[in-house]
Amino acid sequence: MKSFRCRVCANALYFENSVCLSCGTGLGYSRAEREIVPVDGNGRYTDAAGLVWHVCRNLNLSGCTWLARFEGGQCEACDLTRVRPNDADAKGLSQFPVAERAKRWLLVDLDRLGFDVVGKAEDPERGLCFDLLSSVAEDVTIGHADGVITIDLAESDDAYRVRVQEQLGEPYRTMLGHFRHEVGHYMEWRLVEGTDRLAEARRLFGDETADYQAEIDRHYSEGPPADWPERYISTYATMHPYEDFAETWAHFLHMTDTVETAHIYGLARTAGPEDSPTFRAFVTDTWMPLSTALNMVNRSMGKADLYPFVIPDPVLDKLDFIASLRPWS
């Protein structure tokens, strides 16, 4: 994530700020400019072309700071949410802003890397949307199907999420991680399946036509293969080729976003993979030294490693493939 400054007083801003804490100016995020911009007392911003933008109507509901094209309307990020908790679900609504914040961060990731995000309203068959469901009212399974990503809002609760993380023996589990993983399923469905990249993907990740439920049952009854650290980024990636792709995709986003942020704050020499000859080189020359340093910083504070993963050579090949899906690669 890039750093932002108030255009009025130059105070440092966080991505989620709706008001500058230094000068009190109202703020909104302009997706077109990829900047936090000042809004007037009526929540309006006029861009360089003379177009007037408005604070999203969901600012007080979900904390959305993005700008909408029409007064009283919602922004492009909010348009992608197909289902949210109903107004009577107090617990679900309290968890909703955490998920929406992670979704907006994901969209900035994708915008930065050049991946087009098309909603279901624009492309009903291949577009993307999110069902952010409250498990207070129903059983919710996190997943992706035909462009619909379902997220369990219970994952917004730290205690719940850590408990599940411990039960499953996962080294890492966050709301943003869920969004990055599930959009990996969507991107494979949209950018790989049915294209000339499918054969290469199968060589790297395996045959995605393998019976999904049978593979999941096998994983939970037998566990991962003994040699999994030599071929996969995580035990979850061993369950099925779909999960291997999505897990690797999520790490692709973890790496690129963290390096960009570290570079902006003077902690990394390069800003991203565009400064390396291959994504493999980016990982070995930039990401590995940075993540090791960040792990040591965490240990110095008595915390768990920030990035508790080892990247074997076959995973570098997988990451190279995923990076090659970028439109400008």
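Index from 1, following the sequence.
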Q: Before you tell me yes or no, could you show the steps for E208 and H240 under side-chain hydrogen bond (donor to acceptor under 3.5 Å, both in side chains), namely the whole-Å CA-CA distance, both residues' side-chain angles and the distance that decides it to 0.1 Å?
A: CA-CA 7 Å; E208 83 290 348; H240 188 277; over 6 Å; no
Q: Check this for me, if you would: do E200 and R197 make a salt bridge, where the nitrogen-to-carboxylate-oxygen distance has to be below 4.0 angstrom?
A: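 Looking at E200 and R197, the cut-off is met.
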Q: Would you find a donor on one side and an acceptor on the other, under 3.5 Å apart, between the side chain of K318 and the backbone of R231?
A: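 The answer is yes, because a donor-acceptor pair under 3.5 Å joins these two groups.
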Q: With the threshold set at 4.0 Å, does a side-chain nitrogen-carboxylate oxygen contact exist between E16 and R104?
A: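 Judged by the 4.0 Å cut-off on N to carboxylate O distance, E16 and R104 do not form a salt bridge.
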Q: When L106 is tested against each of R180, M175, R101, H178 for side chain to side chain contact (heavy atoms under 4.5 Å, CB included), which residue passes?
A: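 Of all the options given, the one that passes is R180.
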Q: Does any part of the side chain of T256, heavy atoms only, come nearer than 4.5 Å to the side chain of P273, both counted from C-beta?
A: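 SC-SC contact between P273 and T256 confirmed.
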Q: With a 4.5 Å cut-off on side-chain heavy atoms, are V183 and F179 touching?
A: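 The answer is no, as the side chains (C-beta and beyond) never meet within the 4.5 Å cut-off.
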Q: Does any non-hydrogen side-chain atom of D146 lie less than 4.5 Å from one of W189?
A: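 A side-chain contact exists here, since the closest heavy-atom pair is under 4.5 Å.
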Q: Are I149 and V140 co-members of a hydrophobic cluster defined by side-chain heavy atoms under 4.5 Å apart?
A: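 No, separate clusters.
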Q: Looking at every non-hydrogen atom in both residues, tell me the closest pair between S134 and D89 and how far apart they are.
A: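 For S134 versus D89, the nearest heavy atoms are OG-OD2, 2.7 Å.
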Q: Just verifying a value: how many Å separate R82 CZ and D131 CG, rounded to the nearest 0.5 Å?
A: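 Atom-to-atom, R82:CZ and D131:CG are 4.0 Å apart.
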Q: Rounded to the nearest 0.5 Å, how far does CG of L204 lie from CG of D317?
A: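 Spacing of CG (D317) from CG (L204) equals 6.5 Å.
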Q: Could you list the donor-acceptor pairs under 3.5 angstrom formed between side-chain atoms of residues 61-69 and any protein atom two or more places apart in sequence or on another chain?
A:
unit_1, atom_1, unit_2, atom_2, d
S62, OG, N58, O, 3.2
R69, NH1, V52, O, 2.6

Q: Can you tell me how far apart NZ (K2) and OG1 (T261) are? Round to the nearest 0.5 Å.
A: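 Rounded to the nearest 0.5 Å, the NZ-OG1 separation comes out at 11.5 Å.
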Q: I'd like to know whether R173 forms a salt bridge (Lys or Arg N to Asp or Glu O under 4.0 Å) with E155, so could you lay out the CA-CA distance, the side-chain angles of the two residues, the decisive distance to 0.1 Å, and finally the verdict.
A: CA-CA 9 Å; R173 190 181 183 95; E155 294 281 334; 2.8 Å; yes
Q: State plainly whether one hydrophobic cluster holds both Y232 and L319, where clusters connect Ile, Leu, Val, Met, Phe, Trp and Tyr through side-chain heavy atoms under 4.5 angstrom apart.
A: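 Y232 and L319: separate clusters.
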Q: How would you list, by chain and number, every residue that makes a side-chain contact (heavy atoms from CB on, under 4.5 Å) with D116, sequence neighbours excluded?
A: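 Result, side-chain contact (heavy atoms from CB on, under 4.5 Å) vs D116: R190.
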Q: Could you check T248 against F321 for side-chain contact (heavy atoms from CB on, under 4.5 Å), going step by step and ending with a plain yes or no?
A: CA-CA 10 Å; T248 309; F321 173 81; over 6 Å; no
Q: With a 4.5 Å cut-off on side-chain heavy-atom distances among I, L, V, M, F, W and Y, is there a chain of contacts connecting L253 to W105?
A: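 Yes: a chain of side-chain contacts under 4.5 Å links L253 to W105.
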Q: Would one find more than 12 heavy atoms of other residues, nucleotides or ligands at under 6.0 Å from atom CD of E125?
A: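 Counting other residues, nucleotides and ligands, CD of E125 stays at 12 neighbours or fewer.
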Q: Give a yes or no answer on whether the side chain of N42 reaches the backbone of R44 with a donor-acceptor pair at less than 3.5 Å.
A: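 Absent.
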Q: Is there a side-chain contact between D158 and R161 (heavy atoms, below 4.5 Å)?
A: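 They are in contact (side-chain heavy atoms under 4.5 Å apart), so the answer is yes.
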Q: Among Y236, Y186, F252, F205, which one satisfies ring pair (Phe, Tyr, Trp, His ring centres under 6.0 Å) with F245?
A: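 Looking at Y236, Y186, F252, F205, the match for F245 under the ring pair (Phe, Tyr, Trp, His ring centres under 6.0 Å) is F205.
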Q: State yes or no: are the ring centers of Y242 and H144 separated by less than 6.0 Å?
A: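 So the answer is no for these two rings.
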Q: Please find the pair of heavy atoms, one from G72 and one from R57, that lie closest to each other, and give the distance.
A: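 Scanning both residues, the minimum pair turns out to be O-CD, 3.3 Å.
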Q: Give me the atom names and distance for the closest heavy-atom approach of G177 to H254.
A: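 It is CA-CE1, 4.2 Å.
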Q: Check side-chain hydrogen bond (donor to acceptor under 3.5 Å, both in side chains) between R7 and all other residues, then give those that pass, not counting sequence neighbours.
A: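 For R7, the residues satisfying side-chain hydrogen bond (donor to acceptor under 3.5 Å, both in side chains) (neighbours in sequence not counted) are E33, Y45.
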Q: Without swapping roles, check the side chain of T258 against the backbone of M255 for a donor-acceptor pair under 3.5 Å.
A: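 Checked: no pair found.
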Q: Of all the heavy-atom pairs spanning A268 and L290, show the shortest one and how long it is.
A: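 A268 and L290 have their closest heavy atoms at CB-CD2, 4.5 Å.
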Q: Begin from the C-alpha positions of E100 and K103 and carry the test salt bridge (Lys or Arg N to Asp or Glu O under 4.0 Å) through to its verdict.
A: CA-CA 5 Å; E100 282 288 320; K103 185 191 73 179; 3.0 Å; yes
Q: Could you measure the distance from the CG atom of L80 to the CG atom of L107? Nearest 0.5 Å is fine.
A: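 Between L80 CG and L107 CG, I get 6.0 Å after rounding to 0.5 Å.
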Q: A side-chain contact here means heavy atoms from C-beta on lying under 4.5 Å apart; do C20 and V8 qualify?
A: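 Heavy-atom side-chain distance check fails, nothing below 4.5 Å.
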Q: Output every pair passing ring-ring contact (aromatic ring centres under 6.0 Å, His included) with a member in residues 290-310, not counting sequence neighbours, ordered by first then second residue.
A: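 Every pair satisfying ring-ring contact (aromatic ring centres under 6.0 Å, His included) with a residue in residues 290-310: H251-Y307, H251-F309, W287-Y307, Y307-F309.
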Q: How long is the gap from CG on L191 to CG on L198, to the nearest 0.5 Å?
A: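 It is 12.5 Å, given to the nearest 0.5 Å.
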Q: Given the rule in the side-chain contact (heavy atoms from CB on, under 4.5 Å) test, do H185 and W249 qualify, once you have shown the distances and angles that lead to the verdict?
A: CA-CA 9 Å; H185 288 304; W249 171 279; over 6 Å; no
Q: Under 4.5 Å between side-chain heavy atoms, counting indirect links through other Ile/Leu/Val/Met/Phe/Trp/Tyr residues: same cluster for M288 and I233 or not?
A: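 Linked within one cluster.
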Q: Would a 4.5 Å heavy-atom cut-off, applied to side chains only, mark L133 and V83 as touching?
A: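 In short, these two side chains touch, coming nearer than 4.5 Å.
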Q: Yes or no on side-chain hydrogen bond (donor to acceptor under 3.5 Å, both in side chains) for Q74 and D79, after CA distance, side-chain angles and deciding distance?
A: CA-CA 7 Å; Q74 64 182 21; D79 281 341; 2.9 Å; yes
Q: Which heavy atom of A12 sits nearest a heavy atom of R5, and at what distance?
A: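 Where A12 meets R5 most closely, the heavy atoms are N-NH1, 3.4 Å.
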Q: Who are the side-chain contact (heavy atoms from CB on, under 4.5 Å) partners of T209, not counting sequence neighbours?
A: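 Residues passing side-chain contact (heavy atoms from CB on, under 4.5 Å) with T209: R202, D207.
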Q: If every non-hydrogen atom of L93 is compared with every non-hydrogen atom of P85, which pair is closest and at what distance?
A: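 Where L93 meets P85 most closely, the heavy atoms are CD2-O, 3.8 Å.
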Q: Is there a path of hydrophobic side-chain contacts, each under 4.5 Å between heavy atoms, that joins Y172 and L294?
A: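 Y172 and L294: one cluster.
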Q: Might you confirm whether atom OH of Y14 has over 12 heavy atoms from other residues, nucleotides or ligands at distances under 6.0 Å?
A: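 Not more than 12 within 6.0 Å, no.
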Q: Can you check side-chain contact (heavy atoms from CB on, under 4.5 Å) on V108 and R34, steps first, answer last?
A: CA-CA 8 Å; V108 171; R34 298 184 187 177; over 6 Å; no
Q: Using modelled atom types and a 3.5 Å cut-off, is there a donor and acceptor pairing between side-chain atoms of N295 and backbone atoms of L306?
A: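 Judged by distance alone, yes, a pair lies under 3.5 Å.
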Q: Can you tell if the side chain of Q95 reaches within under 4.5 Å of the side chain of L132, non-hydrogen atoms only?
A: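 Side chain of Q95 against side chain of L132, heavy atoms only: no contact under 4.5 Å found.
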Q: Is it true that a side-chain atom of D320 and a backbone atom of F279 form a donor plus acceptor pair closer than 3.5 Å?
A: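 Checked: pair present.
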Q: Is there a side-chain contact (heavy atoms from CB on, under 4.5 Å) between L59 and S18? Walk through the geometry before answering.
A: CA-CA 8 Å; L59 174 61; S18 60; 4.0 Å; yes
Q: Side chain of D227, backbone of E230: donor and acceptor closer than 3.5 Å?
A: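 Answer holds: no.
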Q: Check for a donor-acceptor pair, side chain of Y29 on one end and backbone N or O of N17 on the other, with a separation under 3.5 Å.
A: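 No, Y29 side chain to N17 backbone: no donor-acceptor pair under 3.5 Å.
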Q: Could you check whether any side-chain heavy atom of D275 comes within less than 4.5 Å of a side-chain heavy atom of T286, counting everything from C-beta outward?
A: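 No, side chains not in contact.
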Q: For R299, what residues pass the side-chain hydrogen bond (donor to acceptor under 3.5 Å, both in side chains) criterion, not counting sequence neighbours?
A: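 Scan of R299 (side-chain hydrogen bond (donor to acceptor under 3.5 Å, both in side chains), adjacent residues dropped) gives D305.
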